[in-house]
Amino acid sequence: MSHVPPTPDAAAARIDVVNLTARYHGRPAVADVDLAIEPRQVTALIGPSGCGKSTLLRCMNGLHLTVPGASVTGQVLLDDADIYAKDSNPVEIRHRVGMVFQRPTPFPTMSVRDNVLAGLQLGRRLGRGAPHDEIAERALTKAGLWHEVKDRLKAPGASLSGGQQQRLCIARALAVEPEVLLMDEPCAHLDPISTLTIEDLIREIKETYTVVIVTHNMQQAARVADTTAFLTMSAVGDPGRLVEVGPTERIFSSPRRQTTEDYISGKIG
Amino acid sequence: MNPLPGSPTPWRRVRARRGGTDTVFRYAVRSAAAMVIVVLVATAVFLVQQAWPALHQYGILSYLGSDRWAPSEATATGRHPNPYGIAQFVYGTAVTSLIAMVLAVPVAVAVSLYLTEIAPGWLRRPLSGLVDLLAAIPSVVYGFWGIFALIPAVRPAGVWLSRTLGTAPVIGPLFAGPFFGVSYLVAGLVLAIMILPIITAICREVFATVPTADKESALALGATRWEMVRMAVLPRSRSGITGAAVLGLGRAVGETIAVTMVIGNNVLSITTSILGPGSTMSSVIANEFTESTEPFHLQSLMVVGAWLLVIALVVNTVGKLIVRRTGEDIA
């Protein structure tokens with residue numbers, strides 16, 4: 001497998017979800033989703049717990065299929081190529097579509113610097129002579145963490161604060177120069193100040209990347225997202241479905257569906 | 001049970017009953033627990049007591065300082081030097097256990113990685129069960145199998161080792177001389193198979209405690225399954241694997257019958273070569289205690305037993321501590 005060396009500004013990709021149903025052990029968790037995700041924009045997925053928004057997100061880099069018993073029908077087109085096509089390479093897809101999780105997950109035995117470079121060590125994407133330090137600095141700068149950690153690059157990643165750890169994970173995801181960044185409730189376990197720092201960061205990185213964020217926090221969606229998609233299910237145990245998608249302002253000011261309005265005004269969920 | 005007279009409410013009845021069957025139950029479990037401690041202490045006391053005449057005669061250190069085991073030279077007055085040197089048995093126990101560890105640990109780690117990370121879901125339980133069943137094979141059956149199946153199968157490899165590495169510098173003495181069949185090497189091989197189940201079982205538990213989030217972060221970066229294991233699973237499990245290995249070592253150190261059947265029971269002195277016959281601490285006891293007629297012979301075997309007990313207790317305690325600490329690290 002030959003790899004083009006990562007360029008400072010990789011092209012942001014678009015994602016088109018086409019008639020997607022994701023199942024666990026045959027039971028659909030999210031069904032019949034059609035959703036277009038525009039490049040260089042932040043798209044937020046909102047909805048009550050269990051509506052399948054995280055599952056939908058995990059379908060966008062194929063991580064869903066790593067869970068035992070999981071299956072997918074429909075398509076996820078990454079720049080028009082179906083990531084679930086037979087000839088598609090899941091490792092390469094995840095290289096192009098990065099992900100940040102709910103809990104910060106720096107690798108506990110690695111230093112700050114090694115955590116950032118972890119993705120680049122995979123499959124020997126980075127040769128011996130590659131400018132490791134510059135790459136680490138660039139990724140940490142993008143994640144707004146450089147000035148806080150530049151003197152402790154050798155410290156364990158787990159020694160940072162929760163908010164710093166999450167930005168470290170963002171740096172780690174950005175270091176491999178993905179085209180899309182998926183974020184699964186990235187602020188769920190952070191304090192308000194760290195949350196705002198990460199939100200600033202999201203607004204910055206959307207200049208270069210396509211960002212999809214799952215969030216429980218509607219104010220957060222309103223603050224960071226250009227487009228908002230609302231999912232819900234008709235009853236507990238039923239699959240989640242996409243109810244409505246549109247520009248964030250419109251979704252929050254004049255939703256077209258009653259369920260959307262009920263959710264954003266706090267009547268359900 | 002009839003309600004007690006004068007106890008109108010149900011809770012009174014419950015409390016009253018504590019004086020009856022509950023007390024019996026409490027004392028029963030308490031004495032069962034106490035028994036465990038009593039057995040351990042009594043065993044240690046018994047060994048030292050039985051070994052005492054010999055220890056008194058030769059001194060405890062003279063046993064470890066010599067590798068010459070010659071009961072026929074012992075006299076009733078117990079003149080020095082001590083004819084019951086046991087260094088060669090310590091060497092035998094160490095070498096066979098080491099061979100077992102070197103062979104079993106990598107295989108156990110690989111098997112448990114396969115069971116937790118790679119194998120399809122439907123295969124995991126039956127396969128784990130099969131590995132556990134290896135522990136159910138009686139020791140003496142392993143001994144038989146070692147003599148009649150393993151030794152003929154290993155012979156070409158033994159001969160080859162002796163021819164190639166036997167004359168090599170530094171490591172040469174470990175492989176020098178002809179391959180006898182019954183040997184440290186074969187004993188180590190049998191031990192490796194015998195300790196495989198326990199190491200695999202613990203490694204399996206250790207790998208299963210690695211958080212899914214860690215594994216998914218590696219996968220999300222574009223790791224292959226093997227890279228995910230290297231990046232997320234193994235670093236987290238390092239001390240757990242060590243603990244599992246040490247507990248396996250604890251088993252290997254004490255294993256007796258299978259080893260006695262395949263090790264050759266040469267007691268004369270240290271045979272450095274792993275291709276030659278020797279003895280371990282446990283095999284010499286099993287082999288000689290029925291025919292120990294010389295002065296201090298039986299008592300000296302008790303000394304070997306006491307040292308073996310000390311080593312086994314230390315190894316097992318260390319292993320347990322490491323495994324427990326791993327659990328806390330991850331939580």
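Scope of the values below: all heavy atoms of this structure, side chains included, with no hydrogens, waters or symmetry mates. Here is how names work: the chains are called A, B, and so on, in the same order as the sequence lines, proteins then strands, and each is numbered from 1. Note that this is a predicted model, so its numbers are computed, not measured.
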Using the side chain to side chain contact (heavy atoms under 4.5 Å, CB included) rule, take Arg94(A) and Leu221(B) through it: C-alpha gap first, then chi angles, then the decisive distance, then the call. CA-CA 6 Å; Arg94(A) 282 182 223 129; Leu221(B) 284 172; over 6 Å; no
Please determine whether the number of non-hydrogen atoms from other residues, nucleotides or ligands lying under 6.0 Å from atom CZ of Arg251(B) exceeds 12. no
Structural part of Arg58(A) lying under 4.5 Å from a heavy atom of chain B: side chain
Quick check: closest heavy atoms across Ala220(B) and Asn61(A), and the distance to 0.1 Å? CB-ND2, 4.3 Å
Nearest heavy-atom contact between Phe107(A) and Ala232(B) is CE2-CB, 4.2 Å
Tell me if the CZ atom of Arg152(A) is crowded by more than 12 foreign heavy atoms within 6.0 Å. yes
Atom group of Val97(A) that falls short of 4.5 Å from chain B, counting heavy atoms: backbone
Contact summary for Ala213(B) and Thr105(A), nearest pair of heavy atoms: CB-CG2, 3.5 Å
If you count every heavy atom of other residues, nucleotides or ligands that lies below 6.0 Å from Arg103(A) atom CZ, does the total exceed 12? no
What is the distance from atom CE of Met99(A) to atom OG of Ser217(B), rounded to the nearest 0.5 Å? 9.5 Å
Could you please spell out the steps behind the side chain to side chain contact (heavy atoms under 4.5 Å, CB included) verdict for Thr109(A) and Arg236(B)? CA-CA 7 Å; Thr109(A) 52; Arg236(B) 277 244 188 212; 5.9 Å; no
At what distance, to the nearest 0.5 angstrom, does CE of Met231(B) lie from CG of Leu122(A)? 4.0 Å
